[in-house]
Amino acid sequence: MQILSLLRERFAAVLNDLIDNPQLVASSLERIVPSREPQLADYQANIAMPLAKPLGKPPLEIAKSVVDRLKLDDVCETVSIAGAGYINLKLSPKWMSRQLNNATCDDRIGVERTTDPKTFVVDYSSPNVAKPMHVGHIRSTVIGAAIANTLRFLGHRVITDNHLGDWGTQFGMIIYGYKHFRDESAYQSQPVAELSRLYRHIQAMIAYQEAVANLPKMDANIQQASHRVDLAKKKLEETPQDKKAAKELQAAQNKLQEAHDDLAAKQELIAQAESSPTLLSDAKMHPDLNSAVLAETAALHRGEKENLALWNEFLPRCLDEIHAVYDRLGTRFDYEYGESFYHDLLGSVIEELFAKSLAVPSNGAICVFLDGFDAPMIVQKQDGAYLYATTDIATAMFREREFEPDACLYVVDHRQSEHFKKLFAVLEKMGYQHTQFKHISFGTVLGKDGKPFKTRSGSTVGLEPLLDEAVERAWAVACDPNRLQVAGIEMDESEKRQVAEIVGIGAIKYADLSHNRESNYVFDMDKMVQLEGNTAAYIQYSYARTRSILRKAETQEWAREKWETATIDLQAPVEIALGLQLIRFEETLKHSMQDYLPNVITEYLFDTAKLFSSFFDQCPVLKAETEAIGLSRLKLTHLVGQTLKVGLDLLGIQVIERM
RNA sequence: GGGCUCAUAGCUCAGUUGGAUAGAGCAACGGAUUUCUAAUCCGUAGGUCGUAGGUUCGAAUCCUACUGGGCCUGCCA
């Protein structure tokens, strides 16, 4: 059901007669949009005002001549002109009813497959294995999955690929840790936990050693900064009116504060490390761990036997671990070609860059210089090692060969936007112009204090404990015995567990998806597990209500199975509003994928749930005035349920039959 | 230093790519319940869209400057 394209077709017929400039017609058609003023119209055409100048006629006159020729009486109840020349369209409830009746109640609920399918590669999640997943991985995973699902649902060919970090320094850490610090019995009984402990142990020691090494430098920083403050002060005293001097003082003071904060943070880190005797003695016994770890990594990359064997031993276990998390999140990938997969191809990437005269040696490294960027893209380090830029190029080349995509979407943190700009520039120079490479960037997850989400001690928050907490809270609220009693629902333990899991995980996913991905968002567990307001639970609850009504209908003779073949007839204002909302599902999905913004879908689902709640409040279904009205409302209710279910499913959120 | 990005109600956020009187949710206040599940509904209040200019029929949206935050910036990913 594509209302917009239907309306545009009708307008096009008129505009082509009125205007002989096809470009002007096209841009006018773009201005036919869902109305911003639902009270005034369902759709509006803001075409008359911009046409005033090119046509040399007043907007109202243009609007009138368009409306006079427009044939929309089958679709619209009213077509009117308002204000400066807005053309307001109100759809006819009869027409809407017919559309809804045509919408089969299957799991596509009337959404057509695109007539112009494209091939998308969606690269998302991409965690480093062997490191515990943390809160930052949620966004990429959840947003990427939602985009991939939606594009696929719309009829595109979608290939999802999890570009795992399975070849990096973290393996050097684990290998080094395994060789020197492993607890054999712990490793035998719980290998992944032990590897994770080793990883954290090594990382803590490196942080400690770096902090100690940096202390003198930080002292120097403070002195330097305080000197700068003095200078700025003096200057400002001499020229108190100088705005620049005032600004400089402010900047200098900020720098000084920053330097003090840095030092304090490092001192705390050191104090923490020194409170652990094992860590301290291990760190003393293994000075300069950082270099040692890099050496282990380099040995692995050289293919040194022992390290490669260890890597082969560790990797499957790390993957199992990570897949357990994906299972819980309900995420799957078509492919998981990690960095290691591309390792052997990196040399040929450099060769090709040279062959295409893009690569240049510079200061001992191999670089690609690009217009508009200060720094080049470095593809091979002085020591001969390759970088993630190199791997990214190899990955893109592989995907071009393997999948021939029309578009390649990278769902990655906004901090890497410059990297992707460079990457795409290089790929274009390499000749991949026909593919649209796009960085689907997203903002940082912040804590309630507005700073990046961290634990109190400053470490990142692990993903799994977070999921556990959400599920626990969901249990407390959704499975509250008092509430279940009032709702008349008896649940056994396993159903409660299932409800809590679905509501809890849904809450986290929804909170993430409901924010515009471009902006940073504040992670607030209290809010997202709230069961009122714009949350997953509110929508899941609405779905459960639709199911509840339909279950009850099956117990009543007049309704049983009959509603399936009944006719929807929208009568009450709230029914009409709800019906219009349902018809717009396809339009919403397309709108959402125009800029790959899943929050367009969450907003739609929330609006739908709200309208359903109003409908539910105002329109009796099982106790309707007549059986015909009751059957119509039952069918509408079913359609609402299906829409919510399919919509949530695209977002990777499950529903429950009763809650 | 250079670059990117953000600033909308007390709080968290939308804002259909330049359209009408800027919208939700939470919190606050007032109403509705012998309920087709109150995890609900209806209503009230809350705004100099960071500041100042500019572009035009029309600006939260585009341009310029400024203020304040975040991020990136030659060998991590």
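Keep in mind that the numbers below use all heavy atoms, side chains included, and drop hydrogens, waters and symmetry copies.
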Asker: Between P on rC75(B) and CG on Asp374(A), what's the gap in Å once rounded to a whole number?
Answerer: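 To the nearest whole Å, that distance equals 14 Å.
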Asker: Looking at Ala609(A), is its backbone amide N or carbonyl O close enough to the side chain of Ser613(A) to form a donor-acceptor pair, meaning the two atoms are under 3.5 Å apart?
Answerer: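 Confirmed, Ser613(A) side chain pairs with Ala609(A) backbone.
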Asker: Taking the P atom of each, how far is rC6(B) from rC13(B), in whole Å?
Answerer: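 Their P atoms lie roughly 15 Å apart.
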Asker: From C-beta outward on Thr169(A), which listed nucleotide comes closest to its side chain: rG18(B), rC76(B), rU37(B)?
Answerer: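 Looking only at side-chain atoms, Thr169(A) lies closest to rC76(B).
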Asker: In whole angstroms, how far is the C1' atom of rG19(B) from the CD1 atom of Ile62(A)?
Answerer: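 It is 16 Å, rounded to the nearest whole Å.
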Asker: When the ring centroid of His591(A) is compared with that of Tyr604(A), is the distance short of 6.0 Å?
Answerer: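 No: the rings miss the under 6.0 Å criterion.
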Asker: Look up atom CZ in Arg139(A) and atom CG in Asp512(A), then write down how far apart they are to the nearest 0.5 Å.
Answerer: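 Between atom CZ of Arg139(A) and atom CG of Asp512(A) there are 4.5 Å.
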Asker: How long is the span from the CG atom in Asp392(A) to the NE2 atom in His163(A), to the nearest 0.5 Å?
Answerer: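 Going from the CG atom of Asp392(A) to the NE2 atom of His163(A) covers 5.0 Å.
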Asker: Please give, in whole Å, the distance from rC41(B) C1' to Phe616(A) CZ?
Answerer: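 Distance, rounded to whole Å: 11 Å.
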Asker: Closest-nucleotide mapping onto RNA chain B: is Ser35(A) or Ala487(A) further toward the 5' terminus? I mean the 5' end.
Answerer: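 The residue closer to the strand's 5' end, by nearest nucleotide, is Ser35(A).
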Asker: For RNA chain B, what are the stems built from at least three Watson-Crick or G-U pairs in a row, each pair having both distances below 3.5 Å?
Answerer: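 Stem list for RNA chain B: B:1-7 with B:67-73, B:10-13 with B:23-26, B:28-32 with B:40-44, B:50-54 with B:62-66.
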Asker: Tell me the interatomic distance from Tyr43(A), atom OH, to rA20(B), atom P, rounded to whole angstroms.
Answerer: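 Computing the Tyr43(A):OH to rA20(B):P distance gives 18 Å.
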Asker: Measure from CD1 on Ile47(A) to C1' on rG58(B) and round the result to the nearest Å.
Answerer: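 Interatomic distance, CD1 of Ile47(A) to C1' of rG58(B): 17 Å.
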Asker: I would like to know whether Lys610(A) and Asp607(A) meet salt bridge (charged side-chain N to carboxylate O under 4.0 Å, His left out); could you show each step before the answer?
Answerer: CA-CA 5 Å; Lys610(A) 269 193 295 188; Asp607(A) 286 341; 3.7 Å; yes
Asker: Check every strand shown and say whether Ala553(A) touches a base, only sugar-phosphate, or nothing at a heavy-atom separation below 4.0 Å.
Answerer: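 Answer is nothing: Ala553(A) stays at 4.0 Å or more from every strand.
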Asker: Need one value for Ala365(A): base, sugar-phosphate or nothing, where a base atom within 4.0 Å counts as base even if backbone is also close, heavy atoms only.
Answerer: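 Base contact.
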Asker: Classify the nucleic acid contact of Gln594(A) as base, sugar-phosphate or nothing, counting any heavy atom under 4.0 Å across all strands shown.
Answerer: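 Gln594(A): base contact, heavy atoms under 4.0 Å.
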Asker: Starting at atom CZ of Arg415(A), determine the distance to atom C1' of rC71(B), rounded to an integer number of angstrom.
Answerer: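 Spelled out: CZ on Arg415(A) to C1' on rC71(B) is 8 Å.
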Asker: Heavy atoms from C-beta onward define the side chain here; which of rU37(B), rG19(B), rA77(B) lies closest to that of Leu387(A)?
Answerer: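 Shortest atom-to-atom distance from the side chain points to rA77(B).
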Asker: Base, sugar-phosphate, or nothing: which does Ser614(A) touch, judged by heavy atoms less than 4.0 Å apart?
Answerer: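 Answer is sugar-phosphate: Ser614(A) comes under 4.0 Å of backbone atoms only.
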Asker: With respect to the side chain of Phe606(A), which nucleotide from rU37(B), rG25(B), rC57(B) is positioned closest?
Answerer: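 Within the option list, the nearest is rG25(B).
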Asker: Just by modelled atom types, is the Thr444(A) backbone N or O under 3.5 Å from a matching donor or acceptor in the Asn520(A) side chain?
Answerer: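 Confirmed, Asn520(A) side chain pairs with Thr444(A) backbone.
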Asker: Would Ser291(A) and Asp288(A) count as a side-chain hydrogen bond (donor to acceptor under 3.5 Å, both in side chains) here? Give the steps.
Answerer: CA-CA 6 Å; Ser291(A) 312; Asp288(A) 201 6; 2.8 Å; yes
Asker: Given 3.5 Å as the limit, does a donor-acceptor pair link the side chain of Glu296(A) with the main chain of Phe171(A), or not?
Answerer: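 Not a single qualifying donor-acceptor pair exists.
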Asker: Could you state the atom-to-atom distance from CG of Asp42(A) to P of rA20(B) in whole Å?
Answerer: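 One finds 17 Å between P of rA20(B) and CG of Asp42(A), rounded.
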Asker: Go through rG74(B), rC41(B), rU40(B) for me and flag the one nearest to the Lys610(A) side chain.
Answerer: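 Closest of the options to the side chain of Lys610(A): rC41(B).
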Asker: Using atom C1' of each nucleotide, how far apart are rU12(B) and rA7(B) to the nearest Å?
Answerer: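 rU12(B) and rA7(B) have their C1' atoms separated by 15 Å.
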Asker: Phosphate oxygens OP1/OP2 of rU37(B): is one of them under 4.0 Å from a side-chain N or O of Lys552(A)?
Answerer: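 For rU37(B), OP1/OP2 do have a side-chain N/O of Lys552(A) under 4.0 Å.
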Asker: Side-chain N or O of Ser613(A) less than 4.0 angstrom from OP1 or OP2 on rU40(B)?
Answerer: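 No.
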Asker: Which one, rC36(B), rA20(B), rC42(B), comes nearest to the side chain of Gln44(A)?
Answerer: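 Nearest nucleotide to the side chain: rA20(B).
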Asker: Strictly below 4.0 Å: does Tyr538(A) bring a side-chain N or O up to OP1 or OP2 of rC41(B)?
Answerer: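 It does, given that an N or O in the side chain of Tyr538(A) lies less than 4.0 Å from OP1 or OP2 of rC41(B).
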Asker: With a 4.0 Å cutoff (strictly under), does any side-chain N or O of Arg545(A) reach OP1 or OP2 of rU40(B)?
Answerer: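 No, because none of the side-chain N or O atoms of Arg545(A) sits under 4.0 Å from OP1 or OP2 of rU40(B).
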Asker: Atom CG of Asn46(A) and atom P of rA59(B): how far apart are they, to the nearest Å?
Answerer: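 The answer, rounded to whole Å, is 14 Å.
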Asker: Checking contacts here: which listed nucleotide (rC76(B), rG74(B), rG19(B)) is nearest the side-chain heavy atoms of Cys367(A)?
Answerer: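 The closest nucleotide is rG74(B).
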Asker: On a whole-Å scale, what distance lies between the P atoms belonging to rG50(B) and rU16(B)?
Answerer: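 Taking atom P in both rG50(B) and rU16(B), they lie 15 Å apart.
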Asker: For the side chain of Gln2(A) and the backbone of Glu586(A), is there at least one donor-acceptor N/O pair under 3.5 Å apart?
Answerer: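 No: the side chain of Gln2(A) does not pair with the backbone of Glu586(A).
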Asker: When only distance counts, do a donor and an acceptor, one from the side chain of Ser362(A) and one from the base of rG74(B), lie under 3.5 Å apart?
Answerer: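 Check passes, donor-acceptor contact within cut-off.
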Asker: Where the side chain of Arg658(A) is defined as all heavy atoms beyond and including C-beta, which of rC42(B), rU37(B), rC57(B) is the nearest nucleotide?
Answerer: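 The closest nucleotide is rU37(B).
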Asker: Taking the same atom, P, in rG25(B) and in rA65(B), what whole-Å distance lies between them?
Answerer: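 The same atom, P, in both gives a distance of 39 Å.
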Asker: Looking only at non-hydrogen atoms, find the nearest pair between Arg584(A) and Tyr43(A) and report the distance.
Answerer: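 Scanning both residues completely, I find the closest heavy atoms to be NE-OH, 3.1 Å.
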Asker: Could you give the distance separating rC36(B) and rC41(B) at their C1' atoms, to the nearest angstrom?
Answerer: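 Roughly 15 Å separates the two C1' atoms.
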Asker: Looking only at atom C1', what distance separates rG23(B) and rG46(B), rounded to whole Å?
Answerer: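 Nearest-Å result for rG23(B) against rG46(B) at atom C1': 13 Å.
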Asker: Of the nucleotides rC42(B), rA20(B), rU73(B), which one has an atom closest to the side chain of Ala82(A)?
Answerer: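 Out of rC42(B), rA20(B), rU73(B), the nucleotide with an atom closest to Ala82(A)'s side chain is rA20(B).
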Asker: For Lys623(A) and rC36(B), is the shortest distance between a side-chain N/O and OP1 or OP2 below 4.0 Å?
Answerer: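 Yes, because at least one side-chain N or O of Lys623(A) sits under 4.0 Å from OP1 or OP2 of rC36(B).
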Asker: Could you work out which one of rA77(B), rC75(B), rC57(B) sits closest to the side chain of Gln416(A)?
Answerer: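 Within the option list, the nearest is rA77(B).
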Asker: Out of rC36(B), rG74(B), rC57(B), which has the shortest distance to the side chain of Pro50(A)?
Answerer: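 Given the options rC36(B), rG74(B), rC57(B), the side chain of Pro50(A) is closest to rC57(B).
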Asker: Report the C-alpha separation of Glu490(A) and Arg658(A) in whole Å, then their side-chain angles, then the decisive distance to 0.1 Å, and conclude whether the salt bridge (charged side-chain N to carboxylate O under 4.0 Å, His left out) test is met.
Answerer: CA-CA 10 Å; Glu490(A) 278 181 41; Arg658(A) 52 182 202 161; over 6 Å; no
Asker: Mind checking the P distance from rG18(B) to rG1(B)? Whole angstroms is fine.
Answerer: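 Looking at atom P only, rG18(B) and rG1(B) are 32 Å apart.
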Asker: Can you check each nucleotide of nucleotides 4-14 of chain B against protein heavy atoms at under 4.0 Å and return B for base, S for sugar-phosphate only, - for none, in 5' to 3' order?
Answerer: S------BSSS
Asker: Please determine whether salt bridge (charged side-chain N to carboxylate O under 4.0 Å, His left out) holds for the pair Arg473(A) and Asp526(A), giving the CA-CA distance in whole Å, both sets of side-chain angles, and the decisive distance to 0.1 Å.
Answerer: CA-CA 9 Å; Arg473(A) 293 201 196 200; Asp526(A) 292 318; 2.4 Å; yes
Asker: Taking the C1' atom in each of rA9(B) and rA28(B), what is the distance between them to the nearest angstrom?
Answerer: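 Between the two C1' atoms, the distance is 13 Å.
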Asker: Test for a donor-acceptor pair under 3.5 Å between the base of rA20(B) and the side chain of Asn88(A), counting only N and O atoms.
Answerer: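 Pair found.
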